[in-house]
Protein chains: 2
Amino acid sequence: MKSPSQPRDRGIPDATVARLPLYLRALNGMAEKAIATVSSEDLAVAAGVNSAKLRKDLSHLGSYGTRGVGYDVEYLVYQISRELGLTQDWAVAIVGVGNLGRALANYGGFVSRGFRVAALIDADPEVVGDDIAGLNVEHIDELEAVIKRRGVSIVVLATPAAAAQEVCDRVVAVGVTSILNFAPVVLSVPDGVDVRKVDLSIELQILAFHEQRKAGGPLMAVDSQ
Amino acid sequence: MKSPSQPRDRGIPDATVARLPLYLRALNGMAEKAIATVSSEDLAVAAGVNSAKLRKDLSHLGSYGTRGVGYDVEYLVYQISRELGLTQDWAVAIVGVGNLGRALANYGGFVSRGFRVAALIDADPEVVGDDIAGLNVEHIDELEAVIKRRGVSIVVLATPAAAAQEVCDRVVAVGVTSILNFAPVVLSVPDGVDVRKVDLSIELQILAFHEQRKAGGPLMAVDSQ
DNA sequence: ATCCTTTTGTGAACCGACGCACAAAGTCAG
DNA sequence: CTGACTTTGTGCGTCGGTTCACAAAAGGAT
């Protein structure tokens with residue numbers, strides 16, 4: 001007995017949330033190809049996951065499939081988008097306009113999904129004032145003012161490691177609770193603030209570990225048949 | 001009864017491997033500050049993890065601590081580095097020299113930890129021949145030749161989504177088994193090939209989900225006290 | 001040499017996630 | 001309307017990871 005008007009649960013597992021964007025991308029690809037309906041099996045293949053897992057994930061949002069048929073692509077795109085909060089417009093500020101910050105500012109994948117780069121901020125007087133991706137780079141002194149004025153709710157940190165914690169403290173102080181951190185440091189934040197970390201060198205190190213294993217690990221006596 | 005010469009296990013949990021680079025970074029920071037010895041508690045704080053987890057992680061590598069004292073910083077740096085395969089030099093090729101590829105090529109964090117950008121490759125005749133970060137950009141036609149000649153074992157994909165699978169197939173065909181993929185596609189590879197994915201827009205979407213929850217989810221009747 | 005303090009390494013309980021396998025629910029043909 | 005077929009949604013066993021809590025080990029002081 002579930003109320004159809006409130007089908008989804010307050011608590012969607014983190015593992016599920018992390019996969020929803022994957023499903024969404026696969027679904028968008030199908031919508032472009034004018035595919036109207038898709039089975040969990042086909043969608044699972046496109047997203048690179050197990051089909052039972054996919055069905056369980058989707059069941060957390062509600063009961064949006066039709067047995068014997070599958071899922072309506074457009075409808076599912078809408079439901080997932082809404083669940084992820086992509087039906088609204090998110091203003092993002094990028095702090096740190098070095099190589100990476102510049103790349104992020106120009107990255108098309110942001111705009112395409114409800115995200116809008118609303119501000120570029122840097123400390124270097126050399127870059128401040130420059131136009132990048134159609135935006136004027138503003139000075140770090142304006143950080144708090146810009147965040148408030150533009151209604152920024154998500155901050156991307158692309159600063160050097162040494163500056164990240166300080167910038168983080170400042171944006172948290174003006175009420176930002178969602179941070180995407182590219183700086184190679186562990187940020188400490190108060191409860192209620194979400195930090196997600198992307199660390200290029202860590203990913204490479206994990207690859208190196210496995211690569212080394214394949215090649216015959218450290219001190220490994222390879223079963224050299 | 002464990003042989004002291006072969007303390008480490010063949011199977012280190014994936015979750016542990018993913019954290020080793022974190023410990024390594026924290027330890028390097030301590031080494032720079034001339035800290036000789038560190039307890040699991042202090043190191044855990046620096047790495048942002050639970051201390052019991054840290055101890056269990058390290059115990060998978062061997063028994064490198066001293067009860068009542070802690071861990072020798074330099075020794076632990078060496079052991080983790082060796083386990084991760086960072087004592088050897090890894091040649092990395094970056095395919096796709098757009099904004100992101102350029103940023104990666106200039107990113108200092110690679111070189112610092114045993115990784116060396118050995119080749120830049122692109123398909124656009126406009127970029128081929130350019131010098132970026134001291135390297136000459138080579139044409140995609142040379143992909144296989146360059147990989148073999150330079151001994152590249154890890155490939156970073158920073159191409160547009162549409163090109164990623166094809167490039168992936170080609171590098172796998174010449175024997176590459178470690179790929180770091182920045183393109184927003186699910187790559188399909190044969191068994192034995194490791195693919196790690198970094199997806200900027202997915203990270204933002206996950207943040208948006210939580211941000212929306214905090215603000216009062218979709219259709220949410222906020223307990224507006 | 002013995003006791004006291006500190007800190008490691010790990011046994012064991014707990015928790016969430018995964019995937020199998022199946023009943024329930026819907027479609028479609030005749 | 002009925003029956004065969006398809007595909008969803010989920011109960012349940014399993015597994016890997018996290019955390020607590022403690023015994024074992026090391027060092028230093030007396």
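Every chain is numbered from 1, with letters handed out A, B, ... down the list of sequences.
Between A/Ser39 and D/dT7 there is no side-chain polar atom (N or O) within less than 4.0 angstrom of OP1 or OP2. When the side-chain nitrogen and oxygen atoms of B/Asn50 are compared with OP1 and OP2 of D/dG17, none of them lie within a distance under 4.0 Å. Between B/Arg19 and D/dT18 there is a side-chain N or O to OP1 or OP2 distance below 4.0 Å. In terms of phosphate contacts, B/Ser63 brings a side-chain nitrogen or oxygen within less than 4.0 Å of OP1 or OP2 of C/dG9.
Rounded to a whole Å, the OH atom of B/Tyr71 is 14 Å from the P atom of D/dA26. The interatomic distance linking A/Asp72 (CG) with D/dT7 (P) rounds to 15 Å, in whole Å. Here C/dT10 presents its P atom at 12 Å from CG of B/Leu58, a figure rounded to the nearest Å. Atom CD1 of A/Ile12 is separated from atom C1' of C/dG16 by 16 Å (rounded to the nearest Å). Taking atom NE2 on A/His60 and atom P on C/dC18, their separation rounds to 10 Å, with Å as the unit. In this structure, A/Leu54 places its CG atom 9 Å from P of D/dT8, rounding to the nearest Å. Atom CZ in A/Arg55 sits roughly 13 Å away from atom C1' in C/dC18 (whole-Å rounding). Distance, B/Glu41 CD to D/dC20 P: 11 Å, rounded to whole Å.
A salt bridge links A/Glu83 to B/Arg213: one of the charged nitrogens lies within less than 4.0 Å of a carboxylate oxygen. A salt bridge links A/Glu166 with A/Arg170; the closest basic N to acidic carboxylate O contact falls under 4.0 Å.
Taken to the nearest 0.5 Å, the CG atom of A/Leu100 stands 4.5 Å off from the CG atom of A/Leu104.
Each of C/dA12, D/dG17, C/dT8 was ranked by its minimum atom distance to the side chain of B/Lys56; first place goes to C/dA12. Looking at the side chain of B/Asp14, the nearest of the listed nucleotides C/dG9, D/dT10, D/dG17 is D/dG17. Of all nucleotides listed (C/dA21, D/dT19, C/dC18), C/dC18 comes nearest to the side chain of A/Lys53.
B/Ala15 comes within 4.0 angstrom of the backbone, heavy atoms only, and of no base.
Judged by distance alone with a 3.5 Å cut-off, a donor-acceptor contact links the side chain of A/Arg67 to the base of D/dT8.
Side chains of B/Gln165 and B/Asp169: a donor on one and an acceptor on the other come within 3.5 Å.
Taking a 6.0 Å sphere around CD of B/Glu74, one finds it holds 12 or fewer heavy atoms contributed by other residues, nucleotides or ligands.
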